[in-house]
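Working notes, beginning with the structure itself.
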Amino acid sequence: MEKTLKQQYHLEPIHGLLNDPNGLSYFGGKYHVFFQWNKFEKDHSYKEWGHFESSDLISWEFRGSAIIPDQNYDKNGVYSGSGLVIDDKLYLFYTGNNKENCQRESKQCLAVSEDCKTFLKQGVILHTPEQFTEHFRDPKVFYSDKKNCYFMVVGAQRRNGKGAIALCSSNDGRQWNYKNILATTEQYEMIECPDVFQLGNSHVLLYNPQKRDNILDSSLYSFSAYKIGIFDELNEKLDFNDLDSAFSLLDYGFDFYAPQTFLDEKGRRILFAWMSRMEEEQEKVFSNGVSYIHCLTLPRELFIENNQLHQRPVKELYQLLGNDIPLIVESESIKKVELKESAFYLHIQDNACMQNVYISFHRGQTAIEYDPVKKQIKFTRKNWVANQAEFKTCNLEFLIEIEIWADNSSVEIFLNNGEKVFSSRIFALNTEEDIVLKGLTEKTIIEIKEIISK
Ligand code: FRU
């Protein structure tokens, strides 16, 4: 069988380039996932919002363009933003980007839909407050019961060239006022795609610190972080406003960025992220011969346990699991699985704590291993540009569960009930697959299943 990069059960564009998830919402009985889309090229030269719709979070319908850059204030890009149902309509907040003679202008904008088929632009709702440069974008809007108003957090850069998160508020979602700076960084030049929400009795802040060259106006590197604490809605203050200290990574893999969450009709806090941190050269080689690039992560439900954010695949995804794939026992501690497909589900549970576990797939190109002495997990994949192995690690006190969702060209690994996650694209060259499992005992429960197409 031909090896394919095309994903079986992840959201990816029909052609062109996808980046951030936008406007995540549940409206009119459907889940809506909008996304940053360049429908013309596999690069970042054009940005609009594309649209996917689903009634169950597993079968998705592509609905084409939702918001396109056709106004002066957004002509150089309909950038990222969020969605919220207000007065039975879906309000979509986004950043309109205008760049003339290398001068950047950012405007926070609104489009409203009654049916999720047409999206009517309402124009600019907020100009950049004087405290910030024009790196002011990615509005995330939510409702505050306590204050009985809408809040908007915006990723920003202060006049001193360092990053921040700005807070704005509104009584109706249309008239917005800038309130204050919620949090700052002295180490990063920009914060992209912030998100604040309540989870249990705490609040979670998701943010993406970005290192920039302010003179060249170019991005150097960035990653996704989170902090847990309290957002005092009445006083409009975060009790954890230093973005440089005591943060945790949201994901330990190679490809994860710009996560966004929403509350669904069942009260779940669900996250999607862009599954990429590829450099240009990686993008080029990865998508050589196909007309599309990048995908989103699986939808994940969030919860807090032991003051750590946990992510678990939403329960609907388990409907995708098909037949069991038989295990071949090679020796007491080595087991093997022969696979016809690259997409598979693997679940390993051992409440007595796993020791030196090693699992490899894609004929050894991709692997995960646990070192119980160092208390460390190591994930290895093959870098398709350098053509050699590269790895990422994270600390883990103990290991009782490994859950792997592999698609044709990605893998998401959830450890200990989603306490730590590794998300990465993979570029497997072999047409045949195998999984090798080492170091498991007879008490370990191993489940390997096919993933069916919906
Ligand atoms: C994050 C980001 C956002 C911006 C969008 C443009 O990946 O840079 O800050 O709105 O992408 O596509």
Side-chain angles (χ1 to χ4, degrees), residues 19-28 30-37 46-53 63-99 104-129 132 134-144 147-156 165-180 182 192-197 236 258 260-263:
N19 57 301
D20 314 353
N22 293 157
L24 302 180
S25 43
Y26 185 82
F27 174 66
K30 296 259 167 80
Y31 290 96
H32 298 277
V33 170
F34 300 86
F35 61 97
Q36 287 285 283
W37 188 26
Y46 168 96
K47 298 285 174 190
E48 65 167 58
W49 281 27
H51 180 200
F52 291 107
E53 195 176 270
R63 309 293 262 156
S65 301
I67 312 178
I68 59 169
D70 59 1
Q71 301 293 313
N72 193 45
Y73 54 80
D74 62 17
K75 75 179 172 53
N76 299 102
V78 174
Y79 274 13
S80 285
S82 56
L84 196 69
V85 180
I86 299 179
D87 297 334
D88 293 328
K89 299 184 181 79
L90 182 61
Y91 278 45
L92 297 174
F93 301 91
Y94 67 93
T95 302
N97 184 41
N98 173 311
K99 218 172 179 184
R104 185 190 287 271
E105 270 191 32
S106 297
K107 304 272 189 290
Q108 309 318 308
C109 309
L110 172 66
V112 172
S113 182
E114 295 192 10
D115 54 7
C116 256
K117 290 189 180 79
T118 47
F119 302 88
L120 292 181
K121 286 190 179 177
Q122 312 289 308
V124 175
I125 50 163
L126 186 78
H127 293 267
T128 305
F132 306 101
E134 288 300 307
H135 282 293
F136 192 79
R137 57 177 172 271
D138 311 333
K140 177 76 202 300
V141 173
F142 54 98
Y143 181 67
S144 162
K147 190 106 185 190
N148 191 22
C149 76
Y150 297 97
F151 281 124
M152 175 193 284
V153 283
V154 187
I165 298 173
L167 181 74
C168 308
S169 80
S170 166
N171 289 326
D172 59 3
R174 288 177 179 269
Q175 304 277 331
W176 287 89
N177 292 311
Y178 168 67
K179 303 300 286 198
N180 59 44
L182 261 194
E192 295 193 310
C193 302
D195 192 352
V196 176
F197 52 88
E236 299 167 349
Q260 187 180 95
T261 71
F262 72 108
L263 205 55

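As the structure is a prediction and not an experimental result, all values here were calculated from the model.
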Checking Arg104 against Arg137 for the side chain to side chain contact (heavy atoms under 4.5 Å, CB included) test, could you report, in this order, the C-alpha distance in whole Å, the side-chain angles of both residues, the deciding distance, and whether it holds? CA-CA 12 Å; Arg104 185 190 287 271; Arg137 57 177 172 271; 4.1 Å; yes

Could you list the residues that satisfy side-chain contact (heavy atoms from CB on, under 4.5 Å) with Asp115, not counting sequence neighbours? Ser113, Lys117, Thr118

By side-chain contact (heavy atoms from CB on, under 4.5 Å), Asn177 pairs with (sequence neighbours left out) none

Testing the basics here: between [X] and [Y], what is the closest heavy-atom pair and its distance to 0.1 Å?
X      : Y      : answer
Ile67  : Ala111 : CD1-CB, 4.0 Å
Gly173 : Leu110 : O-CD2, 3.9 Å
Ser65  : Trp37  : OG-CZ3, 4.0 Å
Cys109 : Gly96  : SG-N, 3.7 Å

Measure the [atom1]-[atom2] distance between [X] and [Y] for me, rounded to the nearest 0.5 Å.
X      : Y      : atom1 : atom2 : value
Ser106 : Lys99  : OG    : NZ    : 10.0 Å
Ile68  : Tyr46  : CD1   : OH    : 5.5 Å
Asn180 : Cys168 : CG    : SG    : 9.0 Å
Leu126 : Phe136 : CG    : CZ    : 5.5 Å
Ser25  : Lys30  : OG    : NZ    : 12.5 Å
Tyr94  : Asp138 : OH    : CG    : 13.5 Å

Answer yes or no: is there a side-chain heavy-atom contact under 4.5 Å between [X] and [Y]?
X      : Y      : value
Phe142 : Val196 : yes
Ile86  : Tyr150 : yes
Glu236 : Phe151 : yes
Leu92  : Val112 : no
Lys140 : Met152 : no
Tyr91  : Ile125 : no
Gln71  : Lys107 : no

Name all residues meeting the ring-ring contact (aromatic ring centres under 6.0 Å, His included) criterion together with [X]; count only those two or more places apart in sequence or in a different chain, and write none if there are none.
X      : answer
Tyr178 : Phe132
Phe52  : Phe35, Phe62
Phe34  : Trp49, His51, Phe119

Audit row: Leu167, Val153, side chain to side chain contact (heavy atoms under 4.5 Å, CB included) steps and yes/no: CA-CA 5 Å; Leu167 181 74; Val153 283; 4.1 Å; yes

Sequence-distant partners of [X], side-chain hydrogen bond (donor to acceptor under 3.5 Å, both in side chains), two or more places apart:
X      : value
Thr95  : Gln108
Gln122 : Arg174
Ser169 : none
Asn19  : Lys47

Classify the ring geometry of Phe27 against His32: parallel below 30°, tilted from 30° to 60°, perpendicular beyond 60°. tilted

Strictly distance-based, threshold 3.5 Å: is any side-chain N or O of Ser170 a donor or acceptor partner for the main-chain N or O of Gln175? yes

Sidechain-backbone polar pair: Gln260 side chain, Gly81 backbone, donor-acceptor under 3.5 Å: yes

With Asp70 via salt bridge (charged side-chain N to carboxylate O under 4.0 Å, His left out) - residues at least two apart: Lys121

Salt bridge (charged side-chain N to carboxylate O under 4.0 Å, His left out) filter on Glu134, not counting sequence neighbours, yields none

How would you list all residue pairs meeting side-chain hydrogen bond (donor to acceptor under 3.5 Å, both in side chains) that involve residues 75-86, not counting sequence neighbours? Asp20-Ser80, Asn22-Ser80, Lys75-Glu100, Tyr79-Asn97

